[in-house]
Amino acid sequence: MEIIYTTKALQAKLANARETGTTIGLVPTMGALHVGHASLIRRSVAENGQTVVSVFVNPTQFNDPRDLAAYPRTLSADCRLLEACGADYAFVPSVEEMYPVPDTRLFDLSPLDEVMEGRFRPGHFNGVCQIVSKLLDAVMPTRAYFGEKDFQQLAVIRRLVSRYHYPVEIVGCPIVRDEDGLALSSRNARLSVAERGQALCISAALFDSRPFAATHTAAETKCFVESLIEATPLRLEYFELVDGESLQPIAHWEETRYPVGCIAAYCGQVRLIDNIKY
Ligand code: PAF
C-alpha cells in the first residue's frame with residue numbers, strides 16, 4: 001500500500017492500470033476509518049484490479065467550523081487498516097492540492113438537497129459534490145463505493161453522476177453496525193461512554209419502528225419514532241419517512257414502494273445520523 005499526496009503522482013501510478021484495462025475502485029473517505037469503511041474497501045478490492053482510498057477531510061462540506069476542527073484525524077491507524085484490507089493506494093492530498101483556488105461551482109441537486117440534511121446543513125451537499133467530482137476527475141474509477149448510512153449523500157452522488165455524466169458505477173454498501181445496533185460512524189469516537197449508551201436509542205427506535213410500521217400509518221410511525229427519541233436525552237433534529245429515490249417525505253405508505261426512515265439527532269455535541277428501510 002502506497003501513500004500518494006498529489007493528483008499528478010496518483011495519475012502516474014494509475015496510468016498502467018488504465019492502459020491495460022484494469023478496473024479501478026475508488027473509496028472516498030474522510031479518514032478515521034472503521035469497520036464500516038473496511039467493508040467498502042474490501043468490496044472494492046474484491047471487485048477491482050486496483051483500489052484507491054482517498055483520505056481527505058473536506059472543508060467545503062462543513063457548515064460548522066467547530067465540527068470541522070473536531071473531526072477525528074487518525075492517519076497512521078487509517079493506513080494500517082488500508083494495508084490490512086488490501087488497498088493499493090491511500091490518496092492523502094492537502095487542502096491546497098484539492099483546492100488551489102476556491103471552488104465556486106454550484107451543483108444542481110434539487111430537490112434532493114432541499115430536505116433533511118440539506119435543510120439543517122445548508123451547502124453541505126454542494127461541498128460533497130465539489131470534492132467527489134474532483135476525486136472522480138483525478139482517479140477516473142470504474143466503480144466508486146459509498147455507505148448507505150449516509151443515505152441522502154448516496155442519492156445525491158447518484159444524481160451528480162447521472163446529471164454530469166460521470167462514467168462510473170456508484171456502488172452503495174449496507175450499513176455496518178456494532179453488535180448492539182449502533183451504526184458505525186467516525187463520529188462515534190467522540191462519544192463518551194454515557195453518550196454511547198444514549199446513542200443506542202437511535203438504532204433501537206428505528207428497529208422498533210419496523211414492526212410498528214407494519215400495522216400503523218406512516219404518520220403514526222413518524223410520531224412513534226419522534227416520541228421514542230424525545231423520551232431520551234438525545235436532541236432530535238429530524239425523523240422523516242421518505243421515498244428512497246426522490247427523498248421526498250411521504251404522508252402515506254401508498255405513496256412509495258421504497259419507504260425509508262431517516263433520522264438525525266444530537267448526542268451531547270455529536271450529531272449522528274442513521275436510517276432504516278421498511
Ligand atoms: O462520506 C464521507 O466520508 C464524505 O462525505 C465523502 C464522501 C468522503 C466526501 O468528503
Side-chain angles (χ1 to χ4, degrees), residues 4 7 10 25-41 43-44 51-65 67-75 77-78 81-82 85 87 89-99 103 105 107 109 112-113 116-118 120-139 141 143-161 164 166 168-176 183-190 247 262 264 270-275:
I4 313 271
T7 301
L10 182 64
L26 168 67
V27 185
T29 81
M30 296 207 296
L33 303 181
H34 50 65
V35 177
H37 293 110
S39 75
L40 271 60
I41 298 162
R43 180 150 174 201
S44 173
T51 288
V52 179
V53 180
S54 59
V55 177
F56 179 69
V57 183
N58 173 38
T60 71
Q61 70 188 74
F62 286 83
N63 48 333
D64 179 349
D67 197 21
L68 172 60
Y71 204 84
R73 287 155 170 92
T74 57
L75 187 58
D78 291 348
L81 182 137
L82 295 183
C85 292
Y89 302 110
F91 179 46
V92 188
S94 64
V95 173
E96 295 70 34
E97 175 70 16
M98 294 319 283
Y99 296 105
D103 192 340
R105 290 174 299 160
F107 292 86
L109 304 166
L112 296 181
D113 60 345
M116 301 191 290
E117 295 298 287
F120 288 95
R121 304 181 68 190
H124 166 68
F125 287 123
N126 199 64
V128 169
C129 287
Q130 288 177 341
I131 191 62
V132 170
S133 67
K134 280 172 183 273
L135 291 169
L136 293 176
D137 288 338
V139 179
R143 303 184 183 89
Y145 296 78
F146 296 87
E148 286 186 347
K149 188 182 75 69
D150 295 292
F151 191 82
Q152 190 171 7
Q153 170 173 279
L154 179 57
V156 161
I157 285 165
R158 287 193 196 285
R159 169 66 61 86
L160 168 79
V161 160
Y164 297 94
Y166 280 96
V168 60
E169 180 191 339
I170 299 299
V171 183
C173 303
I175 299 179
V176 180
L184 294 191
S185 161
S186 304
R187 290 166 195 267
N188 294 354
R190 291 172 52 203
L247 301 185
C262 297
V270 185
R271 187 175 184 280
L272 299 173
I273 59 172
D274 200 346
N275 63 80

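Each ligand, and each atom within it, is numbered from 1 in the order the structure gives. Residue indices begin at 1 and follow the sequence shown.
Here Ile157 has no heavy atoms under 4.0 Å from ligand 1, in either its backbone or its side chain.
Residues Thr60 and Met98 form no side-chain contact, since every pair of their non-hydrogen atoms from C-beta on lies 4.5 Å or further apart. A heavy-atom distance below 4.5 Å is not found between the side chains of Phe56 and Leu135. Counting only heavy atoms from C-beta outward, the side chains of Val95 and Pro59 approach each other to under 4.5 Å. Within the 4.5 Å cutoff, the side chain of Leu26 has no heavy atoms near those of the Ser44 side chain.
Short contacts between ligand 1 and Pro28, defined as distances under 4.0 Å to a heavy atom of the residue, involve ligand atoms 8 (C). Close contacts of ligand 1 with Gln153, meaning ligand atoms under 4.0 Å from a residue heavy atom, involve 1 (O), 2 (C), 4 (C), 5 (O), 7 (C). Numbered from 1 in the order shown, with element, the atoms of ligand 1 that lie under 4.0 Å from a heavy atom of Met30 read 3 (O), 4 (C), 8 (C), 10 (O). Residue-ligand proximity, Ile131 to ligand 1, at heavy-atom distances under 4.0 Å covers atoms 9 (C), 10 (O). When each atom of ligand 1 is checked for a heavy atom of Gln61 under 4.0 Å away, the hits are 4 (C), 5 (O), 9 (C), 10 (O). Interface atoms of ligand 1 facing Thr29, defined by a heavy-atom separation under 4.0 Å, are 8 (C).
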### Task
Start with the C-alpha distance between Lys134 and Glu97, add both sets of side-chain angles, then the distance that settles salt bridge (Lys or Arg N to Asp or Glu O under 4.0 Å), and finish with yes or no.
CA-CA 11 Å; Lys134 280 172 183 273; Glu97 175 70 16; over 6 Å; no

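Here the closest non-hydrogen pair linking Tyr71 and Arg73 is O-NH1, 2.8 Å.
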